[in-house]
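Heads up, the thing below is written out as structure tokens.
Proteins get letters first, then strands, A, B, ... in listed order; numbering begins at 1 in each.
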Amino acid sequence: MDPYDAQAIEAKWQEIWERERAFEVSNDPVQPKSYVLEQLPYPSGTLHMGHMLVYTIGDVVARFRRRNGMHVIHPMGWDSFGLPAENAAIRGGDPPRVSVERNIESIRASMKRIGWSYDWTRELSTHDPDYIRWQQWQFLRFFERGLAYRKPAPVKWCPVDQTVLANEQVTAEGRCERCGTLVETRLMEQWFFRITDYAQELLDDLDRVDYPDSIAGRQRNWIGRSEGAEIDFRIEELDEDVPVFTTRPDTLFGATFLVLAPEHELVTRIADRSDRAGEIHEYVRRAATKKTEERAAGEDKTGIDTGLHAVNPVNDERLPVFIADYVLTDYGTGAIMAVPAHDTRDFEFAQAYELPIRQVVRSRDGEVDESQAYTEHTDDEVLVNSGAFDGLPAPEGGRKIVERLAAEGRGKFTINFRIRDWGFSRQRYWGCPIPVVYCERDGIVGVDDADLPILLPEIEDYRPKGQPPLAQATEWVNTTCPRCGGPARRETETMDTFVDSSWYFLRYCDPRNEEEPFSSEVVNYWNPVDLYLGGTDHATMHMIYARFWIKVLNDLGCVDFREPFDAFFANGWVTLGNLKMSKRAGNIVGPDVFVERYGADACRLNIMFLGPADQDMEWTEASVEGMARFIRRLWRVVHEVAEAEPSTDGGAELARKVNETIAKATDDIGRRFAFNTAIAAVMELVNELSRDTAGPDSRFAAETAVSLIYPYAPHVAEELWERLGQEGRLYQAPWPAVDEAALERETFELVVQVNGKLRDRFEVPVDLPEDELVARAKASPKVQAFVDGQQIRRAIVVPRKLVNLVV
RNA sequence: GCCGGGGUGGCGAAAUUGGUCAUACGCGCCUGACUUAAAAUCAGGUGUCCCGCAAGGGGCGUGAGGGUUCGACUCCCUCCCCCGGCACCA
């Protein structure tokens, strides 16, 4: 037996797999198919243990499914646009394209060294010209349908640098990262996708996909559906209606003031009519410079009385109108009816500004609290101080109130979503250009399909200077209008990288198509993705955007499905010192050094054995050594078996163990995604095999152990498979099947309990009738000692397991 | 505040439908073998308390407290702690 040499074996098999094109897959519509997809990486410096985890899980599943007869597509690519590469360039590094392509080279080499079984012929980068081309093509279809549009929206603006800032360029203190100036919020025209049109469907379809509860819950929360009513309050002095959204129309009689967000469209006109115009403008200006975090913390409520009045449509009461920044402009209607008796925020504000507090619901058996207090909401409330609605249960009362207002045209039932349209324009360089021009005559005009792709021009300076960096490229910017031929300027903003990641899995299916983004036929064959794998950090934005994108493509007739991912598996974080590995924590550990020291197989086994893959796991180097030890042990035991002269006599114990292990390892990958216990089961088998490597079933046990460990440690498994004299490659070998007959037992170990406590166990034949089991249990001397002459009141028999005597 | 996950040996963890002395598998540690020695490897041990020279036997033990059950890590109730997400969302 030669010693185990991980480096040599892994190089050998990687070369063989590549030569034999083991993991390349055709688009022939063979069934069953399986699309195993991992979230594509951003090509920053090197791989880290988080990548190691998610890509190894995907690889284990892909290798397992191939050997179970599935036509498996398992692709990889690069999310290569985005801020880090651009920021590196600004700090004096290489241009984004150069650094990104260098990183891709190096990460690809690391991935190949780990032996992940990708079909590299399908590799793509989101900054590839043809990827840009077909993304722009799709954008134009969205644009034509009005699903991409421009509107003013708040952006972070540095008044000194005269530039828009990305959120991560604003410090925790709300200052510009570069110059330290307090950042302001400015309204600027931005591009949006109309994702809100799909809010209800995005919510409903969560019931049709198999996501973990936590992920589905987060998406539901993000979409944020709430049922309520919109009620019109008339502002007396302006003779203008202000709609407010409320989920508690039952408390309408308790409204004692009205509050508008500082950004509300009526604020200017209100200021004009108010004798406090100066103060109002000052308040609004201050609210705009307040950083969102501070505003959200909401430690003390501030606001300003406009002096104007709003009329409550339910009782014609005149209420003071306030402007206060605890009301958000982008939720509901940007205006609220304030019910301080039943809303904590309104209550705080009412206390601060000495406004009346009127209780209008009380619990059914409670009293009305006269102390101007806040009343906790309960499930069992009736209306009080609410005119004709007094005494009604709160939900019914609320309904009746809205019905009456609706009849008068002053209100309606409505559903409000928290999700907002997806702002996808970025005032940055390193992204996919938005293919439109601005024409003085025709306005915003989409570029002709024939002129795609619109590629990024080379520029000198990547810093935004009042304008997005692309504005410097004047030759590129100045163009002609595709419609009228007159002078026009190109859009200088680029797309959010979440656009890139909304359809990459479609392009993988048909990556070299030069006629269209993808062939619908091919995409419809491979999709939806059968198993999507990734971290929880993309549970909301990326996944919701991709789901939206697919729904639109379905509406456009490009794909015949409406959900991109049938199932999602969320892997846990890899932690070090109980902190999530991250650049910020400075505790990143990469696989490369361990692969070099212990081999890829040991590292793959280690990350899968560390703990349940969907939970956080603490990285320890000691455990990699343990896995290397296990591989050497496997190596030795298998060689002993290969060299032994098997005896013919011996029990069926080992054969049963082998079959039990097949059953467990198969269920653990196929159904439970419990990779750690599957590996443990194979270890148990190897331990048992090591006690007798020359038994009648030892060879069968060795072959099976090697076969079952293959998804985790494929290189050494292939090598040992070959050394056991097996025909063909393990990657093509069918996954072992359980021999049910071998699992059959003639006897089983009967557990005897007295009052639920185990007192004895012994082998009995499986076909013994229940009364005989009980008789044998009673006959046991150990059991008798505990029964101790007491009367046995009951005997519980669990077939094939135990007898419990109750005394 | 709301949503989700978790709490089991010295450590990572297992127990899949309530049913095998709970702790598989691995790490660490202890003892022994091999060695001049160490590493590596191999063999054995390793929850806790008590009785016993020993073989052996018994009690207690899955964050805390209650409950259901013949039987609870598993189900129910109350509570504590840790991690993640969302959050002035009306």
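The phosphate of B/C86 (OP1 or OP2) has no side-chain N or O of A/Arg418 nearer than 4.0 angstrom. Considering only side-chain N and O atoms, A/Asn676 lies nowhere under 4.0 angstrom from the phosphate OP1 or OP2 of B/G26. At B/U16, none of the side-chain N or O atoms of A/Arg671 fall inside 4.0 Å of OP1 or OP2 (strictly under the cut-off). Between B/A40 and A/Arg633, no contact under 4.0 Å exists linking OP1 or OP2 to a side-chain N or O. Applying the 4.0 Å criterion to OP1 and OP2 of B/C70, one finds that A/Arg794 has a side-chain N or O inside that range. An OP1 or OP2 oxygen of B/G12 is reached within less than 4.0 angstrom by no side-chain nitrogen or oxygen of A/Asn606.
In terms of position along RNA chain B, the nucleotide closest to A/Ala681 lies nearer the 5' end than the nucleotide closest to the other residue of the pair A/Phe245 and A/Ala681.
In the set B/A15, B/C88, B/A90, the nucleotide with an atom closest to the side chain of A/Tyr331 is B/A90. Nearest to the side chain of A/Val327, among B/A14, B/A90, B/C88, sits B/A90. Considering only the side chain of A/Lys757, B/C60 comes nearest among B/C60, B/A14, B/U16. Taking only side-chain atoms of A/Arg629, from C-beta outward, the nucleotide of B/G59, B/U41, B/C25 with the closest atom is B/U41. Listed nucleotides: B/C70, B/G26, B/C88. Nearest to the side chain of A/Met627: B/G26.
B/C86 is paired with B/G1 under the criterion used here, namely a Watson-Crick or G-U wobble arrangement in which both key atom distances are under 3.5 Å. Nucleotide B/C73 is matched to nothing when pairs are restricted to Watson-Crick or G-U wobble geometry with both distances under 3.5 angstrom. Using Watson-Crick or G-U wobble geometry with both donor-acceptor distances under 3.5 Å, B/A64 finds its partner in B/U78. Pair assignment for B/G28: B/U46, on the basis of Watson-Crick or G-U wobble contacts that are both within less than 3.5 Å.
When each of A/Tyr353, A/Phe349, A/Tyr331 is tested with A/Tyr326 by the rule ring pair (Phe, Tyr, Trp, His ring centres under 6.0 Å), just one qualifies, namely A/Phe349.
For the P atoms, the distance from B/C80 to B/U31 is 46 Å, rounded to whole Å. Rounded to a whole angstrom, the distance from the P atom of B/G58 to that of B/G5 is 40 Å.
In the interface, the side chain of A/Asn804 is paired with the base of B/C70 through a donor and an acceptor atom under 3.5 Å apart.
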